[in-house]
Amino acid sequence: MADDKKLTPRAEDFSAWYNEVVLRAELADYSPVRGCMVIRPDGYGIWERMQRALDDMFKATGHRNAYFPLFIPESFLHKEAQHVEGFAPETAVVTHGGGKALEEPLVVRPTSETIIYAMFAKWVQSYRDLPLLINQWANVVRWEMRTRLFLRTLEFLWQEGHTAHATHDEAEEEARRMLGVYRDFMEGWMAMPVVTGRKTESEKFAGALRTYSCEAMMQDNKALQAGTSHNLGQNFARAFDLTFQTESGGTEYAWNTSWGVSTRLIGGLVMTHGDDKGLRIPPLLAPTEVVIVPIWRSDEERARVFEAAERIARSLGDWERREPNRLRVRLDLRETLKPGAKYYEWEMRGVPVRVELGPRDLEKNQAVLVRRDTGAKQPASLDTIGEDVEALLESIQDAMLTEARARREAHSVRGAITYDRFREIMDGEGAFVYAGWCGNAACEAAIKEETKATIRVLPDEEFRSAEPPTHCLKCNQPATSEALWAKAY
RNA sequence: CGGGGCGUAGCGUAGCCUGGUAUCGCGCCUGCUUUGGGAGCAGGAGGUCACCGGUUCAAAUCCGGUCGCCCCGACCA
């Protein structure tokens with residue numbers, strides 16, 4: 001068992017490490033159904049914090065929540081040609097209900113564009129009804145062949161924003177705005193830096209005019225598509241007759257956007273921040289930010305230490321920080337485990353700050369604060385522990401983003417590069433490679449075929465190289481754009 | 001769907017070749033002693049050996065079939 005206590009190191013087998021962390025940190029467990037997962041309280045707690053933060057951001061940008069049904073008439077999916085082509089192979093279909101065959105099979109939503117724009121068509125008559133800005137929190141089902149906890153399961157939780165606008169430019173602005181919201185969330189809350197940009201034709205959403213994406217680098221140097229935002233143009237409006245009267249009395253199709261992030265983000269969080277001791281959760285998303293571990297020898301000491309620990313837990317729990325919410329504190333009073341065993345457990349679970357409190361500390365009116373990200377210890381006076389913990393949490397949140405960004409930059413490659421060198425990189429450690437592309441889908445496909453790497457995005461300006469690449473990585477023809485290449489999840 | 005692995009207590013496993021009393025560790029329960037980096041001792045509970053069929057006096061073990069899960073490759077948030 002001694003060996004079982006340690007995780008498989010990331011360097012030895014990243015995939016095994018990931019599975020072990022998710023299971024042992026009790027974020028999730030396998031379900032009896034292949035490809036499905038149970039999200040356990042510690043995993044769901046992270047999701048709840050993500051939801052709250054994102055939901056506030058959606059509301060702040062004018063969106064309202066609604067809920068659309070799980071079942072979609074199969075015919076709806078067929079109304080948009082690209083869309084059905086993209087999703088039909090991976091839908092689950094209900095053919096029977098109440099013991100009888102249904103007249104029309106029902107698709108379990110793989111995404112809700114069809115049902116939502118069908119409803120929008122009923123609700124929108126005039127330009128005065130626009131823009132219509134809706135979000136829904138829901139589960140969706142996609143019948144994937146190969147699944148992985150959080151990263152790809154048959155059923156997953158997500159949010160999908162759906163909007164309708166009077167003009168192309170407004171829709172474009174909306175799609176870009178929500179991509180920005182995602183980026184702010186991923187960097188500000190998840191401490192996960194992303195590269196934003198536009199997807200190529202071959203990688204865009206089925207039915208979209210344009211797809212934008214946030215791409216994050218995992219610790220195995222592979223890219224994770226963490227969130228996407230689509231300008232759907234008028235494709236769905238045409239398919240579902242979503243029209244409105246213009247100011248001048250004409251009739252036009254509305255312009256739509258959709259955008260989503262899912263519980264996949266939790267997988268991204270694990271693979272961005274986890275280490276060989278387990279999970280590391282950025283404080284803002286941690287269901288428990290602080291765990292207090294009391295230390296004692298005699299019964300007399302236990303009584304004293306417990307009393308003090310409870311007092312500190314209360315005062316920390318009541319500590320009002322600048323943002324008006326309280327510290328999320330947990331007090332570990334279990335008497336069957338030694339302190340060391342508790343340390344290992346809370347490290348596995350990723351709690352950002354541990355407070356150690358023993359008799360020697362009490363004599364000095366202090367406690368020891370230990371940060372999960374670096375393992376560094378520091379004493380804190382019991383008189384100022386609230387401020388100290390708050391400051392430490394803020395420092396951890398910042399440090400985690402800085403560290404993740406530095407790691408990404410250390411594994412990014414820019415500047416002139418030969419195709420041979422590129423192949424070498426993709427065969428080896430992997431990287432984010434910024435290189436020229438001629439714009440030809442054939443080159444994109446050939447590279448994917450030969451190296452498994454794909455164009456993650458055509459990066460937004462701030463991510464592009466100071467010296468734009470001049471030639472296509474593959475065919476050496478003049479480049480029409482700079483592309484970010486990587487292997488992806 | 002192709003390749004690989006696995007199904008024995010909550011978890012991890014031994015036993016299978018060569019059929020005969022279900023193995024060990026962790027965890028769990030009780031008690032005592034412990035507790036500043038994964039505690040010790042003693043006692044205890046816990047099993048349709050994935051499922052179905054066959055061979056046999058007797059099957060976890062041999063034979064036939066079925067199902068499921070995990071990992072690696074072709075699709076994808």
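Quick note: numbers below take in every heavy atom, side chains included, and nothing from hydrogens, waters or symmetry partners. Predicted, not measured: the structure shown is a model, and the values here were computed from it. Residue numbers begin at 1 in each chain, while the letters A, B, ... track the order of the sequences.
With A/Trp158 as the aromatic partner, A/Arg142 meets the cation-pi criteria of under 6.0 angstrom to the ring centre and within 45 degrees of the ring axis. Within the cation-pi definition used here (under 6.0 Å to the ring centroid, within 45° of the axis), A/Arg354 qualifies as a partner of A/Tyr343.
A/Phe156 comes within contact range of at least one nucleobase, with a heavy-atom separation under 4.0 Å. Using a 4.0 Å heavy-atom cutoff across all strands shown, A/Thr263 reaches no nucleic acid atom at all. Residue contacts for A/Leu265: at a heavy-atom cut-off of 4.0 Å it reaches no nucleic acid atom on any strand shown. Using a 4.0 Å heavy-atom distance criterion, A/Lys377 is classed as a base contact. Heavy atoms of A/Thr454 sit nowhere under 4.0 angstrom from any nucleic acid atom. Counting non-hydrogen atoms under 4.0 angstrom, A/Gln225 reaches the backbone sugars and phosphates but no base. Contact annotation for A/Leu224: no contact, since no heavy-atom pair falls under 4.0 Å across all strands.
Ring-plane geometry between A/Phe185 and A/Trp189 is classed as parallel, the angle between the planes falling under 30 degrees on a 0 to 90 degree scale with a further cut at 60. Ring geometry, A/Phe236 versus A/Phe240: the interplanar angle falls under 30°, so the pair is classed parallel (tilted spans 30 to 60°). Taking the six-membered ring for Trp and thresholds of 30 and 60 degrees, A/His63 and A/Trp259 have ring planes more than 60 degrees apart, a perpendicular arrangement.
No donor-acceptor distance shorter than 3.5 angstrom exists from the side chain of A/His230 to the backbone of A/Ala206, with no hydrogens or angles considered.
Residue A/Glu444 is tested with A/Thr454, A/Leu473, A/Thr200 for a side-chain contact (heavy atoms from CB on, under 4.5 Å); the sole match is A/Thr200.
OP1 or OP2 of B/C72 has at least one side-chain nitrogen or oxygen of A/Ser15 nearer than 4.0 Å. The side chain of A/Asn19 contributes no N or O atom lying less than 4.0 Å from OP1 or OP2 of B/C70.
RNA chain B is contacted by A/Gly340, A/Ala341, A/Tyr343, A/Tyr344, A/Glu347, A/Arg354, A/Glu356, A/Gly358, A/Pro359, A/Arg360, A/Asp361 of residues 340-361 of chain A, taking any non-hydrogen atom closer than 4.0 Å.
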message: Could you write out RNA chain B as dot-bracket? Rules: Watson-Crick or G-U wobble, both distances under 3.5 Å, brackets [ ] for crossings, | for pairs with another strand, dot for unpaired.
response: ((((((((.[[[..)....(...]]].((((((.....)))))).....[[[[[..)....]]]]])))))))....
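Distance noted for atom P between B/C71 and B/U56: 42 Å (whole Å). Here the separation of B/U8 from B/U61, taken at their P atoms, is 14 Å to the nearest Å.
Between A/Met145 and A/Leu154, the residue anchored closer to the 5' end of RNA chain B is A/Met145, taking for each the nucleotide with the nearest heavy atom. Between A/Thr153 and A/Asp299, the one whose closest nucleotide on RNA chain B sits nearer the 5' end is A/Asp299.
Side-chain contact check for A/Ile295 versus A/Leu357: every heavy-atom pair is 4.5 Å or farther apart.
Judged purely by distance below 3.5 Å, without hydrogens or angles, the side chains of A/Asp220 and A/Tyr489 pair a donor atom with an acceptor atom.
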